[in-house]
*Asks:* 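Pasting a structure below so you can have a look.
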Amino acid sequence: MRQRAVWAVVVLAAALCVGCADGSEESSYDETSAKALAGALASARSAGVDATQVEVLSGDEVTFAQYRAAVDRALGCMQEAGMEVVEQDVTRWNGRDLVTYAVGSGALPEDQGVTVQDDCYERYARYVDEFWQTSTPDGLAYEERRASALRAPLVQCLDAYAADVPEQASFRELVVLASDHAQTQPDQDCLDDVGYATWDG
């Protein structure tokens, strides 16, 4: 059985988006999100994905219903190719409702199943999924609130674990530092300790 690793996508994407909006006014989030949406549309068109993804990204926003439908189309593609969807749920993660799922190779050889999964995800969901996870106006506002709330606790945690924290590190840099530190010291996971992924303020 192979499960798409939502955590890996979210940690990187969220870290990269902290500070994308340079002000706290709603208009700055809207403008940043609109630029990201235009970029996602251009990337989707360049990749030659299914028209349903292009249609979603051509609008003024991406809704949860549109995002979920894109993931459902990708899962349907996998099932039609012979794979088995063995688990599907909606989870609150990094301030967003995310569709999480696990798939098995089913009747396909495992290596073929991996290829099918990646192809279906790219064709039907990837660019919508990435935008939903990183660049909606509400998501950008959430990143700013979380950065303000968790910066001090994250620094304190890293200091307690004797990590080398640059004096003027941005929150984005702190998140990457904490992630890297946990890779080498799994029992010293500051992102988990401060509730990074589950913070919902």
Side-chain angles (χ1 to χ4, degrees), residues 1-40 42-43 62 67 89-102 114 117-118 121-122 125-201:
M1 182 175 68
R2 183 170 185 256
Q3 182 174 4
R4 179 158 294 280
V6 174
W7 170 251
V9 175
V10 171
V11 167
L12 176 61
L16 290 177
C17 277
V18 170
C20 288
D22 55 9
S24 59
E25 296 182 359
E26 183 177 349
S27 61
S28 66
Y29 300 129
D30 289 341
E31 291 167 4
T32 302
S33 181
K35 291 178 181 177
L37 185 58
S43 295
V62 174
Y67 152 72
D89 200 0
V90 175
T91 303
R92 189 72 176 171
W93 200 253
N94 281 292
R96 300 157 177 82
D97 289 328
L98 299 181
V99 178
T100 57
Y101 59 88
V114 170
Q117 181 181 354
D118 290 345
Y121 176 71
E122 170 85 13
R126 174 185 169 184
Y127 299 96
V128 172
D129 184 16
E130 289 178 353
F131 177 82
W132 175 258
Q133 290 198 39
T134 66
S135 301
T136 65
D138 287 346
L140 294 172
Y142 166 85
E143 300 296 349
E144 292 282 350
R145 294 195 305 273
R146 179 168 63 176
S148 296
L150 296 187
R151 178 183 176 81
L154 189 55
V155 170
Q156 291 172 3
C157 180
L158 288 166
D159 284 342
Y161 288 143
D164 185 12
V165 181
E167 187 173 342
Q168 300 298 324
S170 66
F171 186 70
R172 170 172 53 188
E173 291 168 337
L174 292 173
V175 169
V176 173
L177 177 61
S179 180
D180 290 345
H181 185 80
Q183 292 294 318
T184 59
Q185 302 288 339
D187 60 336
Q188 298 181 3
D189 189 342
C190 284
L191 294 179
D192 187 55
D193 289 352
V194 303
Y196 175 85
T198 55
W199 187 83
D200 206 19

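It should be emphasised that the depicted structure is a prediction, and the values quoted were computed from it without experimental measurement. Both backbone and side-chain heavy atoms feed into the values below; hydrogens, waters and symmetry mates do not.
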*Asks:* So, for G95 and D200, which heavy atoms are closest and what is the spacing to 0.1 Å?
*Replies:*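 Minimum heavy-atom separation between G95 and D200: CA-OD1, 3.9 Å.
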*Asks:* Which pairs with one or both residues in residues 160-201 pass disulfide bond (SG atoms under 2.5 Å apart), sequence neighbours excluded?
*Replies:*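 Checked against disulfide bond (SG atoms under 2.5 Å apart) - neighbours excluded - the pairs reaching residues 160-201 are C157-C190.
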*Asks:* First locate atom CD of E143, then atom CG of N94, and finally report the distance between them rounded to the nearest 0.5 Å.
*Replies:*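 Nearest 0.5 Å value for the CD-CG distance: 6.5 Å.
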*Asks:* Specify the closest pair of heavy atoms between F171 and A147, including all atoms of both residues, with the distance to one decimal.
*Replies:*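 In this case the closest contact between F171 and A147 is CD2-CB, 3.6 Å.
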*Asks:* Under the 3.5 angstrom rule, does the side chain of T91 hit a backbone N or O of L98 as a donor-acceptor pair?
*Replies:*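 No, T91 side chain to L98 backbone: no donor-acceptor pair under 3.5 Å.
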*Asks:* How long is the gap from CG on L158 to CG on D193, to the nearest 0.5 Å?
*Replies:*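 Answer for the CG-CG pair, L158 versus D193, is 9.5 Å.
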*Asks:* Shortest non-hydrogen contact from V175 to L154?
*Replies:*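 For V175 and L154, the tightest heavy-atom pair comes out as N-CD2, 4.1 Å.
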*Asks:* Y67: which residues meet the ring-ring contact (aromatic ring centres under 6.0 Å, His included) condition with it, sequence neighbours left out?
*Replies:*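 Per chain and number, Y67 pairs via ring-ring contact (aromatic ring centres under 6.0 Å, His included) with F64, W132.
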*Asks:* Do the side chains of Y121 and D129 get nearer than 4.5 Å, heavy atoms only?
*Replies:*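 With C-beta onward as the side chain, the pair touches.
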*Asks:* Using the six-membered ring wherever Trp is involved, compare the ring planes of H181 and Y161 and label them parallel, tilted or perpendicular (cut-offs 30° and 60°).
*Replies:*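 Correct class here is parallel.
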*Asks:* CG of D192 to OG1 of T198: how many Å apart, nearest 0.5 Å?
*Replies:*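 Here the rounded value is 7.5 Å.
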*Asks:* Please test Y101 against D89 for side-chain contact (heavy atoms from CB on, under 4.5 Å), starting from the C-alpha separation and ending with a verdict.
*Replies:* CA-CA 6 Å; Y101 59 88; D89 200 0; over 6 Å; no
*Asks:* Is R126 salt-bridged to E130, going by a charged N under 4.0 Å from an acidic O?
*Replies:*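 Counted as a salt bridge, because a side-chain N and a carboxylate O are separated by less than 4.0 Å.
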*Asks:* Measuring from atom CD of Q168 to atom CD of E173, what distance do you get when rounded to the nearest 0.5 angstrom?
*Replies:*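 Between atom CD of Q168 and atom CD of E173 there are 10.0 Å.
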*Asks:* Taking C-beta and beyond as the side chain, do Y196 and R146 meet within less than 4.5 Å on heavy atoms?
*Replies:*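 A side-chain contact exists here, since the closest heavy-atom pair is under 4.5 Å.
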*Asks:* What pair of heavy atoms forms the shortest contact from P137 to Y29, and how long is it?
*Replies:*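 Result for this residue pair: O-CB, 3.9 Å.
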*Asks:* Short question: side chain of R172, backbone of S170 - any donor-acceptor pair under 3.5 Å?
*Replies:*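 Looks like no, no N/O pair under 3.5 Å.
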*Asks:* If every non-hydrogen atom of R151 is compared with every non-hydrogen atom of A169, which pair is closest and at what distance?
*Replies:*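 Of all heavy-atom pairs spanning R151 and A169, the closest is NH2-O, 2.7 Å.
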*Asks:* To check you understand the geometry: which heavy-atom pair defines the closest contact between S33 and L140, and what is its length?
*Replies:*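 Minimum heavy-atom contact is N-CD1, 3.9 Å.
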